[in-house]
Amino acid sequence: MIFEVWAPKATVVEVDVLGGRRAMSAGEGGWWTAEVEGAGHGTRYAFVVDGDGPYPDPRSPRQPDGIFASSAVYDHARFTWSDHDWKGRDLRGAVLYELHVGTFTSEGTFVAAIEKLPHLVELCVDFVEVMPVAPVPGGRNWGYDGVDLYAVNETYGGPDGLKSFVDACHRAGIGVILDVVYNHLGPSGNFLRPFGPYFAGYDGSYWGEAVNLDGPDSDEVRRYFIGNAQQWLRDFHIDGLRLDAVHALHDRRATHLLAELAQEVDVLACSVGRPLSLIAESDLNDPRMVRSLDAGGLGMTAQWNDDVHHALHCAVSGESHGYYQDFTQLTALAKVLTRGVLHDGTYSSFRARAHGGSFNGVAGHRLVACLQNHDQIGNRPVGDRLPIPALKIGAGLLLTSPFTPMLFMGEEWGARTPFLFFSDHVEPELRDSEGTRREREFDGFGYVWEAPNPSDEESFLRSKLDWTEVKEEAHWLLLCWYRDLIALRKALPELSDPRLDRVRVEVDPEGRWLLMWRGELAVAVNFSQESATLPLAPGRVLLTSDEPVSADGEGLRLPAQSLVISRPGSF
């Protein structure tokens with residue numbers, strides 16, 4: 001077997017394998033190689049750079065003994081796939097479902113997650129979006145402290161476990177999107193620095209040092225991340241990637257890393273014969289993110305849209321602190337439903353400056369919107385979720401909107417379990433200070449920060465979904481509501497129409513009601529605590545979140561905090 005590693009500044013590199021160290025030969029571009037007879041699948045190995053080490057392989061395919069131990073050879077060809085008939089899924093018209101493997105089930109493994117796929121099939125989601133699976137310190141983590149980015153967390157089931165999960169999803173007709181983190185690496189177990197200039201030498205974001213995307217020797221650093229993306233899409237049959245916090249990718253090159261990645265993924269899609277999606281998490285409100293490469297954009301398939309979440313959250317919760325302060329009026333919700341974002345060059349009070357650009361001409365399916373996600377729950381001090389009444393009307397608007405809707409695990413039945421921030425750092429100084437760092441990160445958000453200790457195992461255990469809740473009447477009825485909404489969205493073309501200029505909204509900020517038109521369909525919402533009459537002719541009611549509505553001479557009368565989908569003038 002041939003071992004190889006990039007170490008452009010090293011004078012001597014050795015591979016520690018099969019009980020001894022073997023010298024590696026220097027090649028072009030800073031690459032070192034060594035052929036070792038007898039090494040194969042499962043063989044442990046590590047690298048020694050100028051006498052320092054041994055260190056795991058920067059492109060380690062497996063870390064069976066944790067992030068501080070040796071890497072292991074992994075042969076992708078040994079896994080037997082059964083998804084040969086899978087042709088992939090397009091993001092257009094899809095419904096996404098975000099989950100964290102460690103808390104999705106009590107077992108916290110890929111095998112246990114597979115057992116829950118019938119639930120997702122009945123819910124009729126099209127993709128699961130899996131939070132990061134790279135190895136992390138300890139046994140529990142959200143995944144954004146990952147290192148050894150080419151490997152898979154062993155506590156979840158390792159690389160074979162992920163492949164089995166993807167294979168099972170495809171057999172069930174569900175695509176898989178994997179959340180990946182390229183803007184930073186975790187603070188513990190990151191051994192890239194001894195090998196080469198992977199980092200830029202300055203803080204790129206709150207979470208850590210910026211990666212070297214545009215400095216000297218950055219060509220191979222960029223290939224490190226692009227190669228990682230290709231691995232997931234090619235070798236693990238993943239259908240798309242969610243790219244974490246791309247606004248923290250500092251790249252001054254003429255061709256941005258995202259554009260280069262989009263080009264390579266387009267080529268790979270042609271090779272594997274199925275659509276491959278790239279979804280960016282970006283807080284820039286920059287429409288270039290989702291514009292095509294030939295139109296001067298960055299070529300992302302879609303991006304997360306926080307403005308829709310903020311407007312929906314304010315409407316159903318009444319909160320107004322932190323970044324919610326510009327979204328408290330229903331007029332903000334009306335604007336995001338018709339123009340995609342609120343801040344399209346307007347003043348942002350939270351940022352104290354103008355923010356964003358116009359999304360005119362951008363199709364709604366390129367904006368992934370949600371009522372809840374891991375950030376918007378887990379970044380609250382106690383990880384609390386929205387109550388069932390708020391979920392009913394919020395989901396009613398989300399799943400009839402022109403955007404690509406995404407649910408967060410357990411939302412569909414109104415899970416009572418929180419989703420807390422949790423970690424398991426090995427170093428005492430990181431473990432003991434995690435809570436303080438967390439509080440400092442959200443200084444100025446308007447929270448009274450009284451959060452459980454992220455390092456306590458109880459914070460992790462409390463975040464696991466309680467699937468027995470589904471059997472309780474209130475939770476079961478909410479689940480049926482979500483199923484009906486998704487089914488209606490898929491049955492009626494008007495509801496998946498992504499053209500923002502075809503959406504019409506009427507709103508009464510004082511009366512706290514909103515009327516959204518999707519073609520000839522009307523989505524009527526009463527956010528107030530009292531019944532309200534909306535200027536809507538009677539017709540065929542397709543779905544209602546509450547007791548039956550009534551009509552009088554002035555229009556359609558809705559109960560307090562309710563939503564109705566109807567086709568006026570049709571009986």
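Each residue takes its place number in the sequence, starting with 1.
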Could you state the interatomic distance from [atom1] ([X]) to [atom2] ([Y]), rounded to the nearest 0.5 Å?
X	Y	atom1	atom2	result
Thr109	Asn153	OG1	CG	11.5 Å
Trp413	Arg483	CH2	CZ	11.0 Å
Ser566	Leu521	OG	CG	8.0 Å
Thr404	Leu96	OG1	CG	7.0 Å
Cys169	Leu117	SG	CG	4.5 Å
Phe359	Asp286	CZ	CG	7.0 Å

Got [X] and [Y] here, is their nearest side-chain heavy-atom distance under 4.5 Å?
X	Y	result
Leu333	Val505	no
Lys116	Met409	no
Val95	Cys124	no
Val121	Ile174	yes
Val308	Leu367	no
Glu506	Leu514	no
Val130	Phe165	yes
His309	Asn305	no

For residues [X] and [Y], report the shortest heavy-atom separation together with the two atoms involved.
X	Y	answer
Ala94	Pro405	O-CD, 3.4 Å
Thr105	Gly108	OG1-N, 3.0 Å
Leu337	Met516	CD1-SD, 4.0 Å
Ile279	Ile177	CD1-CD1, 3.7 Å
Pro452	Pro381	CD-O, 3.5 Å
Ala524	Leu536	CB-CD2, 4.4 Å

Item to complete: Could you tell me whether the side chains of Asp344 and Asn285 share a donor-acceptor contact shorter than 3.5 Å?
Response: no

Worksheet item: Under 3.5 Å, is there a donor-acceptor pair linking the side chains of Asn526 and Ser562?
Response: no

Worksheet item: When you look at Arg339 and Asp307, which way does the salt bridge (charged side-chain N to carboxylate O under 4.0 Å, His left out) test go after all the steps?
Response: CA-CA 11 Å; Arg339 297 174 66 177; Asp307 282 21; over 6 Å; no

Worksheet item: Counting only heavy atoms not in Arg512, do more than 12 sit closer than 6.0 Å to its CZ atom?
Response: yes

Worksheet item: So with a 6.0 Å cut-off around CD of Glu520, is the heavy-atom count from everything else above 12?
Response: no

Discussion item. For Phe327, run the ring pair (Phe, Tyr, Trp, His ring centres under 6.0 Å) check against His343, His313, His321 and tell me which one passes.
Written reply: His343

Hey, is the main chain of [Y] close enough, under 3.5 Å, to the side chain of [X] for a donor-acceptor pair?
X	Y	result
Tyr182	Ala229	yes
Glu412	Gly410	yes
His247	Leu284	no
Trp232	Gly240	no
Asn453	Gly435	no
Thr328	Tyr324	no

Fill in: Charged N-O contact under 4.0 Å between Arg274 and Asp239
yes

Worksheet item: Are any of the side-chain nitrogens in Lys464 or Asp466 under 4.0 Å away from the carboxylate oxygens of its partner?
Response: no

Worksheet item: Applying side-chain hydrogen bond (donor to acceptor under 3.5 Å, both in side chains), which residue pairs with at least one partner in residues 363-389 are found, sequence neighbours left out?
Response: Glu98-His374, Tyr144-His374, Glu319-Arg380, Tyr323-Gln376, Asp375-Asn379, Asn379-Arg438, Arg380-Asp384

Which donor-acceptor pairs under 3.5 Å do side chains of residues 417-424 form with protein atoms, sequence neighbours excluded?
from   : atom 1 : to     : atom 2 : distance (Å)
Ser423 : OG     : Glu434 : OE2    : 2.7
Asp424 : OD1    : Arg431 : NH2    : 2.5
Asp424 : OD2    : Gly139 : N      : 2.7

Worksheet item: Do the ring centers of Phe408 and His100 come within less than 6.0 Å of each other?
Response: no

Item to complete: May I ask you to check whether Phe460 and Trp142 place their ring centers less than 6.0 Å from one another?
Response: no

Item to complete: Take Val336 and Leu312, measure what side-chain contact (heavy atoms from CB on, under 4.5 Å) needs, and give me the verdict at the end.
Response: CA-CA 9 Å; Val336 300; Leu312 282 172; over 6 Å; no

Practice prompt. Apply side-chain contact (heavy atoms from CB on, under 4.5 Å) to Asp179 and Asp244, showing your working.
Written response: CA-CA 7 Å; Asp179 195 339; Asp244 178 64; 4.0 Å; yes

Worksheet item: Which residues satisfy the side chain to side chain contact (heavy atoms under 4.5 Å, CB included) test with Thr331, sequence neighbours excluded?
Response: Gln329, Val507, Pro509

List the atom pairs, with distances to 0.1 Å, where a side-chain N or O of residues 392-402 and a protein N or O form a donor-acceptor pair under 3.5 Å, not counting sequence neighbours.
from   : atom 1 : to     : atom 2 : distance (Å)
Lys392 : NZ     : Ser545 : O      : 3.3
Thr400 : OG1    : Gly396 : O      : 2.7
Thr400 : OG1    : Leu397 : O      : 3.3
Ser401 : OG     : Leu398 : O      : 2.7
Ser401 : OG     : Phe403 : N      : 3.4

Worksheet item: Parallel, tilted or perpendicular: which describes the rings of Tyr156 and Phe110, with under 30° parallel and over 60° perpendicular?
Response: perpendicular

Response to the item:
In short, ring-ring contact (aromatic ring centres under 6.0 Å, His included) pairs touching residues 488-547 with sequence neighbours left out are none

Practice prompt. Report the C-alpha distance between Lys87 and Asp85 in whole Å, list the side-chain angles of each, state the deciding distance to 0.1 Å, and finish with yes or no for salt bridge (charged side-chain N to carboxylate O under 4.0 Å, His left out).
Written response: CA-CA 6 Å; Lys87 301 304 180 184; Asp85 294 331; 5.9 Å; no

Worksheet item: Any salt bridge (Lys or Arg N to Asp or Glu O under 4.0 Å) pairs touching residues 445-457, not counting sequence neighbours?
Response: none

Item to complete: Kindly determine whether Leu243 and Val180 satisfy side-chain contact (heavy atoms from CB on, under 4.5 Å), including the steps that lead there.
Response: CA-CA 5 Å; Leu243 307 170; Val180 294; 3.5 Å; yes

Item to complete: Output, in order, the C-alpha distance, side-chain angles, deciding distance and verdict of side-chain contact (heavy atoms from CB on, under 4.5 Å) for His475 and Ile388.
Response: CA-CA 8 Å; His475 297 287; Ile388 288 179; 4.0 Å; yes

